[in-house]
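Inspection log for the structure reproduced underneath, given as structure tokens.
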Amino acid sequence: VGGALLPALGLEVRSTVDIDLVGCGKKEMGQTLEIMKIAEDLGLPIDTINQAATYFLNKVGYKKNDLILLYKGRKAKIYRPSLELYWKLKLNRLSETDAKDCYHYFNYCLENNDLFDKRKFLKRLNLLIESESSRDKSIRLLQLKKQLLEK
């Protein structure tokens, strides 16, 4: 759900040093230690597996239709977030990197004919713009709004 999503989709727009993996159920959430062991066996620091995303995913809430199947294997399914869920996860902080991620994921979703409610996005962006006190973050929000209006 984080920056590692973009390279996983073939978008080589930036590098990242951690992988945000989130289990959708209790069983999957309990597999965190196993995933960290795999990372360690690969020579990666265990904090490469970032579990903070689980907290934020539960905080913003998501529905089953926010999960788009990316890969289905014999024992596992991997999903990517809907555009709406991805932006929900990024917009509150909206660092420069977050804004770029939102921009690139938006374009990816358009190219893949993902459905999204443009009016709902604009309403959310307008509310965030009105309440934002940071000039830099306001500029990034306005840039995302402009991108949304142009498409």
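Remark: Tyr103 OH to Leu148 CG distance equals 13.0 Å, nearest 0.5 Å. Here the straight-line distance linking atom CG of Leu128 with atom NZ of Lys145 works out to 11.5 Å at 0.5 Å rounding. Atom-to-atom distance recorded for Leu127:CG and Leu91:CG is 11.5 Å, nearest 0.5 angstrom. One finds the CD1 atom of Ile78 at 9.5 Å from the CG atom of Leu69 (value rounded to the nearest 0.5 Å). Atom CG of residue Leu44 and atom CD of residue Glu40 lie 10.0 Å apart, to the nearest 0.5 angstrom. Here CG of Asp101 is found 11.5 Å from CG of Leu89. Values are rounded to the nearest 0.5 Å.
Remark: the backbone N or O of Tyr108 is paired with a side-chain donor or acceptor of Asn112 at under 3.5 angstrom. Not one N or O on the side chain of Lys90 forms a donor-acceptor pair closer than 3.5 Å with the backbone of Thr97. Panel note: side chain Asp98, backbone Ser95; a donor-acceptor pair is recorded below 3.5 Å.
In this structure, Lys118 places its NZ atom where more than 12 heavy-atom neighbours from other residues, nucleotides or ligands lie under 6.0 Å away. Surrounding CG of Leu115 are at most 12 heavy atoms belonging to other residues, nucleotides or ligands under 6.0 Å away.
Under the 4.5 Å side-chain criterion, counting only non-hydrogen atoms from C-beta, Ile68 is not in contact with Tyr79. A 4.5 Å side-chain heavy-atom check between Arg124 and Lys88 finds at least one atom pair inside the cut-off.
In terms of hydrophobic clustering, with Ile, Leu, Val, Met, Phe, Trp and Tyr side chains grouped at heavy-atom distances under 4.5 Å, Leu83 and Leu149 are assigned to a common cluster.
Within the structure, salt bridge (charged side-chain N to carboxylate O under 4.0 Å, His left out) contacts touching residues 66-75 (residues at least two apart or in different chains) are Lys63-Asp66.
With ring centers used as reference points, Phe116 lies under 6.0 Å from Phe106.
Annotation for Pro45 and Ala39: closest pair O-CB, 4.4 Å, computed over non-hydrogen atoms. Residues Pro81 and Tyr86 share a closest heavy-atom pair of CG-CD1, 3.7 Å.
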Extract all donor-acceptor atom pairs below 3.5 Å that involve side chains of residues 133-142 and protein atoms in other chains or at least two apart in sequence.
from   : atom 1 : to     : atom 2 : distance (Å)
Ser134 : OG     : Lys137 : N      : 3.2
Lys137 : NZ     : Asn92  : O      : 2.3
Lys137 : NZ     : Glu132 : OE1    : 3.4
Ser138 : OG     : Ser134 : O      : 3.0
Arg140 : NE     : Leu94  : O      : 2.8
Arg140 : NH2    : Leu94  : O      : 3.1

(message) Please determine whether side chain to side chain contact (heavy atoms under 4.5 Å, CB included) holds for the pair Asn107 and Lys151, giving the CA-CA distance in whole Å, both sets of side-chain angles, and the decisive distance to 0.1 Å.
(response) CA-CA 9 Å; Asn107 288 326; Lys151 302 292 179 165; 3.8 Å; yes

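A donor-acceptor contact under 3.5 angstrom links the side chains of Arg80 and Tyr105, judged on distance only.
Glu150 meets the salt bridge (charged side-chain N to carboxylate O under 4.0 Å, His left out) test with Lys146; sequence neighbours excluded.
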